[in-house]
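Note sheet for the following structure.
Hydrogens, waters and symmetry mates play no part in the numbers below; they use all other heavy atoms, side chains included.
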Amino acid sequence: MIEGRRRQDMRVTMTSVAKRADRANEDFTCAGPTAAVLLDGAGIPGTESICRHGVAWYANRLGGSLLSLLSLVRDRSLSALLAQAIEQVTDDHRDTCDVANPISPSATVAIVRLSDGLLEYLVLGDSVLVLDRADDAPLVVSDPREVIISRSYQPAIEAATAGSDEYHRLLRDLRANRNQPGGFWLAKDDPQAADEAITGSCPISELNGAALLSNGASRIVDRFQLADWPEVLAVLASSGPAEIIRRVRQAEARHAVAADDATITHCTDLAEA
């Protein structure tokens, strides 16, 4: 430890499971001593014709760039670092892919970072962050904009034949709301999307930990209602992220719901001394 600098670290456990064994996992998570990131890649049929790399590549590349910046650059905001990472990854495939196309790969983002006695956080898109507060109810941080807009399209999408021209048209129309005023925001090709993220901080002394979940994992609460957030935190503490995802998979099978990539990163033993 550098003389005069307070120690900061945390214990991290994580589990990520692809929707199917024969498909690439388009979620990504990674962590260092003072930061953790979770991304949920987004794409629709046809994305591969726009970007030769694909959604999983985009999520992995952006997540790796983010963690590197979080580890090396301590004096910039989470939004500024996300904007820089988006710009870096966009430059990585600008010459080979149609990065500005509405259906080019994108990703939701959730970040936590320990800094000067605080746990700072950022959420962009429909991933979920849950702060486990020692003396209060959990603080759930989420961005509802995509969910709200998607609801207006859902009846028509469900009525359309999967894979049909109408089905793909509806998905394209929904995606046209992405990164537009009045729409919803994800990490894609425009660094300014980072300015739309939900950000905040909480004193480390008030926290037992934090959990980051992709929307395929948060289904245990917001879709299947198998538990509330205090119960989820209790299971994470006792059995770890894999148990939550196991219960989600059971519920998907029971209700005949298509599986989604599911990822949880659980940060505990937050330390600053």
Side-chain angles (χ1 to χ4, degrees), residues 9-21 23-42 55-56 59-60 62-64 66-67 70 107-114 119-134 137-143 202 204 207-255 257-271:
D9 54 44
M10 58 187 177
R11 179 175 182 268
V12 180
T13 56
M14 56 182 69
T15 299
S16 186
V17 180
K19 67 180 76 174
R20 296 204 321 252
R23 290 286 299 273
N25 189 341
E26 295 174 346
D27 286 356
F28 174 84
T29 190
C30 58
T34 61
V37 302
L38 184 150
L39 289 84
D40 183 349
V55 174
N60 279 263
L62 182 61
L66 258 176
L67 188 64
L70 287 162
T108 72
V109 181
I111 307 171
V112 294
R113 177 176 67 179
L114 305 182
L119 183 138
E120 300 174 312
Y121 60 82
L122 177 150
V123 174
L124 181 67
D126 63 1
S127 291
V128 178
L129 168 68
V130 186
L131 299 183
D132 185 2
R133 296 187 289 188
L139 175 63
V140 181
V141 182
S142 62
D143 182 348
C202 184
I204 292 172
L207 296 173
N208 293 322
L212 297 76
L213 302 92
S214 67
N215 67 350
S218 67
R219 287 177 166 189
I220 192 168
V221 173
D222 53 41
R223 180 160 190 170
F224 298 123
Q225 299 178 346
L226 297 176
D228 59 18
W229 288 115
E231 291 169 328
V232 168
L233 291 171
V235 173
L236 288 174
S238 64
S239 303
E243 174 60 18
I244 295 293
I245 294 176
R246 185 188 70 82
R247 296 183 189 188
V248 169
R249 290 289 184 255
Q250 286 183 332
E252 289 166 344
R254 189 162 56 247
H255 295 284
V257 172
D260 192 8
D261 300 330
T263 302
I264 302 174
T265 299
H266 188 211
C267 306
T268 57
D269 298 340
L270 310 181

Identify the two heavy atoms, one from [X] and one from [Y], that lie closest to each other, and give their separation to 0.1 Å.
X	Y	value
L39	A59	CD2-O, 3.8 Å
G209	L270	CA-CD1, 4.0 Å
L212	A110	CD2-O, 3.5 Å
V12	C267	CG2-SG, 4.2 Å
D40	S214	OD2-CB, 3.9 Å

For [X], give me all partners under salt bridge (Lys or Arg N to Asp or Glu O under 4.0 Å), at least two apart in sequence or on another chain.
X	result
D261	none
R223	none
E252	R219, R249
E243	R246, R247

Margin query: Checking L139 against Y121 for the side-chain contact (heavy atoms from CB on, under 4.5 Å) test, could you report, in this order, the C-alpha distance in whole Å, the side-chain angles of both residues, the deciding distance, and whether it holds?
Written below: CA-CA 12 Å; L139 175 63; Y121 60 82; 4.2 Å; yes
According to side-chain hydrogen bond (donor to acceptor under 3.5 Å, both in side chains), who are the partners of [X], at least two apart in sequence or on a separate chain?
X	value
D222	S218
S16	N25, T263
R23	none
D260	none

Counting only pairs under 3.5 Å, give me each side-chain donor-acceptor contact of residues 125-134, with atom names and distances, residues two or more places apart or in other chains.
residue	atom	partner	partner atom	Å
D126	OD2	N215	ND2	3.0
S127	OG	T108	OG1	2.7
R133	NE	A137	O	2.7
R133	NH2	A137	O	2.9

Next item on the list: Could you list the residues that satisfy side chain to side chain contact (heavy atoms under 4.5 Å, CB included) with L236, not counting sequence neighbours?
Entry: A211, V232, L233, P241, I244, I264, H266
Check: Taking only residues two or more places apart in sequence or in another chain, which ones pass side chain to side chain contact (heavy atoms under 4.5 Å, CB included) with P33?
Finding: none
Notebook entry, point to check: Which distance, rounded to the nearest 0.5 Å, do you find between the CG of L213 and the OG of S142?
Noted result: 11.0 Å
Next item on the list: Can you measure from OG1 (T34) to CG (L119) and round to the nearest 0.5 angstrom?
Entry: 10.5 Å
Notebook entry, point to check: Do you know which of T15, T29, T13 makes side-chain hydrogen bond (donor to acceptor under 3.5 Å, both in side chains) with T265?
Noted result: T29
Notebook entry, point to check: Does any pair with a residue in residues 220-246 pass ring pair (Phe, Tyr, Trp, His ring centres under 6.0 Å), and if so which ones, sequence neighbours excluded?
Noted result: F224-H255
